[in-house]
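Below is one structure; the comments refer to it alone.
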Amino acid sequence: MLITHDTRCALDAVVDLVNTAPEDDGTPEGLPDVAALKEFVRKHEISDVGVLSEFDLSAVRKVRGRFAAVFSAPDARAAASLINELVAAAGTTPQLTDHGGYDWHVHYFAPGASVADHLAADCGMALAFFVVAGEQERLRRCEAPDCRHAFVDLSRNRSRRYCDSRTCGNRLHVAAYRARRKEAAG
């Protein structure tokens with residue numbers, strides 16, 4: 001599956017956005033205030049969003065919840081329905097652009113769109129490409145019992161199980177190793 005630069009950027013943004021949601025009552029909010037939203041916008045080089053406000057923060061959190069549902073969708077039909085709702089509500093207006101030193105690429109958000117609509121349109125379309133390609137199962141949640149972070153499995157054989165093999169994957173492998181050693185010694 002060919003993933004263009006702008007699609008990859010949108011995938012990175014949607015995964016990071018979904019992973020800002022608190023996993024439970026003990027986990028802090030990843031987007032606690034407008035300053036955090038501004039940092040998210042800066043980090044992901046989201047263009048043309050204007051001045052951000054509490055209203056934007058609230059709208060982005062709502063979009064985040066809808067994206068989270070896509071990563072938990074049981075099948076392609078459910079994912080497609082959720083993505084269609086997100087993209088339609090954003091008032092998608094595809095347009096070619098070559099800003100920021102990048103070659104021609106498509107922005108799906110309407111000119112002057114809010115940051116929430118911008119994310120819904122561009123990230124929604126990035127996820128739509130996976131459903132269209134029959135690759136919806138690549139939109140996953142970490143299998144570590146204490147982590148449910150979202151990620152996109154871009155491995156060749158669709159075998160990735162953890163959001164980060166250096167943290168979640170390694171922690172589980174070390175625990176399994178220690179359990180085997182304890183069992184062998186006991």
Side-chain angles (χ1 to χ4, degrees), residues 1 3-24 27-34 36-49 52-94 105-110 113-144 147-154 158 160 162-164 168:
M1 176 174 184
I3 300 175
T4 62
H5 172 76
D6 52 315
T7 300
R8 181 58 195 248
C9 290
L11 290 172
D12 291 344
V14 72
V15 165
D16 283 353
L17 178 63
V18 169
N19 291 337
T20 65
E23 293 182 33
D24 54 40
T27 309
E29 168 64 59
L31 287 176
D33 52 31
V34 175
L37 178 58
K38 286 179 184 175
E39 177 56 24
F40 180 88
V41 166
R42 186 203 61 73
K43 175 184 175 188
H44 291 284
E45 299 178 357
I46 299 171
S47 59
D48 301 324
V49 295
L52 299 173
S53 67
E54 290 291 332
F55 178 81
D56 292 307
L57 179 62
S58 176
V60 167
R61 286 177 180 165
K62 287 178 186 168
V63 167
R64 175 182 69 187
R66 297 177 79 191
F67 277 128
V70 172
F71 280 86
S72 300
D75 55 39
R77 184 165 307 283
S81 178
L82 293 163
I83 293 167
N84 283 340
E85 290 172 15
L86 274 160
V87 171
T92 307
T93 307
H105 58 282
V106 180
H107 281 187
Y108 295 95
F109 59 93
S114 70
V115 66
D117 285 346
H118 181 129
L119 289 167
D122 277 2
C123 296
M125 290 304 300
L127 296 177
F129 296 143
F130 278 79
V131 174
V132 168
E135 301 284 352
Q136 182 262 335
E137 74 274 2
R138 289 183 182 270
L139 309 177
R140 297 193 174 163
R141 292 290 191 157
C142 184
E143 291 183 18
C147 179
R148 295 298 299 150
H149 277 143
F151 67 94
V152 178
D153 179 3
L154 297 177
R158 298 176 190 89
R160 189 169 157 199
Y162 307 109
C163 63
D164 186 348
C168 290

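All values derive from a computational prediction rather than experimental measurement.
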- Note on the structure: For A150 and N19, the nearest pair of non-hydrogen atoms, with its separation, is N-OD1, 2.6 Å
- Evaluation steps, side chain to side chain contact (heavy atoms under 4.5 Å, CB included), between D164 and F151: CA-CA 9 Å; D164 186 348; F151 67 94; over 6 Å; no
- Message: Going by the rule side-chain hydrogen bond (donor to acceptor under 3.5 Å, both in side chains), which residues pair with R66 if we only count those two or more places apart in sequence or in a different chain?
- Response: E85
- Can you tell me how far the OG1 atom of T20 sits from the CZ atom of R61, to the nearest 0.5 Å? 8.5 Å
- Task: Output yes when a side-chain donor or acceptor of T92 lies under 3.5 Å from a complementary backbone atom of V87, and no otherwise.
- Result: yes
- Task: Could you tell me which residues satisfy side-chain hydrogen bond (donor to acceptor under 3.5 Å, both in side chains) with S114, sequence neighbours excluded, listed by chain and number?
- Result: none
- Note on the structure: What one should report as the nearest heavy-atom pair of F71 and R141 is CB-NE, 3.9 Å
- Query: Can you name the residues that form a salt bridge (Lys or Arg N to Asp or Glu O under 4.0 Å) with D153, not counting sequence neighbours?
  - Reply: R140
- Using side-chain contact (heavy atoms from CB on, under 4.5 Å) as the criterion, list what pairs up with A76, not counting sequence neighbours. V131, Q136
- Message: Among V70, I3, I83, exactly one meets side chain to side chain contact (heavy atoms under 4.5 Å, CB included) together with F130. Which residue is that?
- Response: I3
- Item | Exam field: side chain R160 to backbone C163, donor-acceptor pair closer than 3.5 Å | yes
- Task: Check side-chain contact (heavy atoms from CB on, under 4.5 Å) between A59 and all other residues, then give those that pass, not counting sequence neighbours.
- Result: A116
- With sequence neighbours left out, which residue pairs that include part of residues 3-21 fulfil the salt bridge (charged side-chain N to carboxylate O under 4.0 Å, His left out) condition? R8-D12, D16-K43
- On a heavy-atom basis, the closest approach of A110 and T93 is CB-OG1, 3.5 Å
- Could I get the full list of side-chain contact (heavy atoms from CB on, under 4.5 Å) partners for L52, not counting sequence neighbours? V34, L37, K38, V41, V49, D56, V115
Show me the donor-acceptor pairs, under 3.5 Å and distance only, between side chains in residues 117-126 and residues at least two apart or in other chains.
residue: H118; atom: ND1; partner: S47; partner atom: O; Å: 3.3
residue: D122; atom: OD1; partner: Y108; partner atom: N; Å: 2.7

- All side-chain hydrogen bond (donor to acceptor under 3.5 Å, both in side chains) counterparts of N84, not counting sequence neighbours: none
- Any idea which heavy atoms bring A78 and P74 closest together, and the distance? CB-CD, 3.8 Å
- Message: My understanding is that only residues two or more places apart in sequence, or in another chain, count here; which of them pass ring pair (Phe, Tyr, Trp, His ring centres under 6.0 Å) with F40?
- Response: H44
- For R64, enumerate each residue passing the salt bridge (Lys or Arg N to Asp or Glu O under 4.0 Å) test, keeping only those at least two apart in sequence or located in another chain. E29
- So how far is it from F129 CZ to T4 OG1, rounded to the nearest 0.5 Å? 7.0 Å
- Residues which pass side-chain hydrogen bond (donor to acceptor under 3.5 Å, both in side chains) with H149, listed by chain and number, not counting sequence neighbours: E23
